[in-house]
Amino acid sequence: MKRLCWLVTLIAGTVSAAIPFKNGTRFALKDVPGELVVERRAGEPVRFALEENGTTGYQWAAEWNTNECEVILDHRGPGGDQRVCGAAGTLNVAVTSKIYTPARIEFAYRRPWEKGVKPIRALKLIVYTVGEAKSPIYPRNAVNRLLKAECAKRGIVLTDWHLHIRGGMTPEMALQRERDSGIRSTAMENHGREWEIYDDAKLVAFAKRSRAVNPKMPVGIQVNDRDWSEKIAPETRAQFDYILADTMIMGKLPSGRDNRLWMVKEVRDPDKWMADYFAHTMRILDEPISILANPTYLPEPLAGDYDRLWTEERMRAVIAKAVKKGIALEIQAESPYPRPQFLKLAKEMGAKFSFGSNNFDPTPKDLSRWLEAITWLDLKASDIWMPSKR
């Protein structure tokens, strides 16, 4: 094997790993550990540099996956096929878009002409944010005061059913938020092939960890793979109070990775896409889920065509199935979906509603939309979804 070196440079923050190394440390290919942990300070940028010294015919590919955004990186050599390194070259990657941690960057070293062959060497780099934690406490502003008063008047036990334990958010912070605001907190983790939790042991450990903080805290799973009910054992599923799903991952990209709809930049045939998306939504409602999050979501290129694409016939079909299956329709903080016409129709058809923040970190979301929906729809306790007893 030709000898290659790589270099990871961290512009901001500190570095720790199972094999300790300093910023700028070089590893020969054979010496690269399988996993390293990088800590970064909140608000500071991170830059990684991968330096390769070798001859022609080898390729480094790096894949950045934060579960929220995705950047695919390829080593580019000087001239020739840009996906295959030529002589010695350096790939510098500056992460300038907003990222949510923990994040994962994976490097795979392979011979590019050998399709389907496992990488010669792979490296996983985990990035965490450290330093001063963000406060999880809701501000005592007019919206939150009115929201609390309206819920008390209507007998609504306001619960955030879409509260992720990620990006520095912890079950302890969730409990702190609940005690301060009176809004009931939950603890939820993502499950899927491209997510951090994808086996029963990790799911059970998450449930146990959350209930150790507060035995009364509802614990849930957000499922991202459509065969999840076959992958999660019934006894594991019984450990959780609710299952949440959304429609925002549909199909696969040519690379084989999930097609995350919030990253879609172009839709060439909106009508065909919408027919497929509607069928996708109806299939998800056939799964044994508790909550449909962010219903009637559309990717950015189609947002202006909402009224034409989401016909009353389609809306009624989605709502009717949710009502029949006992699935709650989520009203999500800071999301424009579902639009008022869907919510009004859902109320008329007897749907149950849930509330969620879909947080990325401990930073509290603006809850104006919750307040607007409660008052505009004149919601009562009987309109709000609650899970059955475990």
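Keep in mind the model is a prediction, meaning the values are calculated, not measured.
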Between [atom1] of [X] and [atom2] of [Y], what distance do you get to the nearest 0.5 Å?
X      : Y      : atom1 : atom2 : value
Ile249 : Asp225 : CD1   : CG    : 7.5 Å
Lys352 : Leu329 : NZ    : CG    : 11.5 Å
Glu194 : Asn224 : CD    : CG    : 9.0 Å
Ser290 : Leu244 : OG    : CG    : 8.0 Å

Have [X] and [Y] got a donor and an acceptor in their side chains that come within less than 3.5 Å?
X      : Y      : result
Trp310 : Gln341 : no
Tyr297 : Thr247 : no
Asn294 : Asp246 : no
Thr186 : Tyr242 : yes

Next on the checklist: Could you check, using the six-membered ring where one of them is a Trp, whether Tyr306 and Tyr337 have ring centers closer than 6.0 angstrom?
Outcome noted: yes
Next on the checklist: Show the nearest heavy-atom pair for residues Glu334 and Arg369, with the distance to one decimal.
Outcome noted: N-CB, 4.5 Å
Checklist entry - Honestly, is Lys365 close enough over Phe360, meaning NZ or CZ under 6.0 Å from the six-membered ring centre and within 45° of the axis? => result yes
Item to check | Sole candidate of Asp227, Asp258, Asp199 that passes salt bridge (Lys or Arg N to Asp or Glu O under 4.0 Å) when paired with Arg193 | outcome: Asp227
Next on the checklist: Would Glu150 and Lys153 count as a salt bridge (charged side-chain N to carboxylate O under 4.0 Å, His left out) here? Give the steps.
Outcome noted: CA-CA 5 Å; Glu150 284 292 332; Lys153 181 173 67 176; 3.3 Å; yes
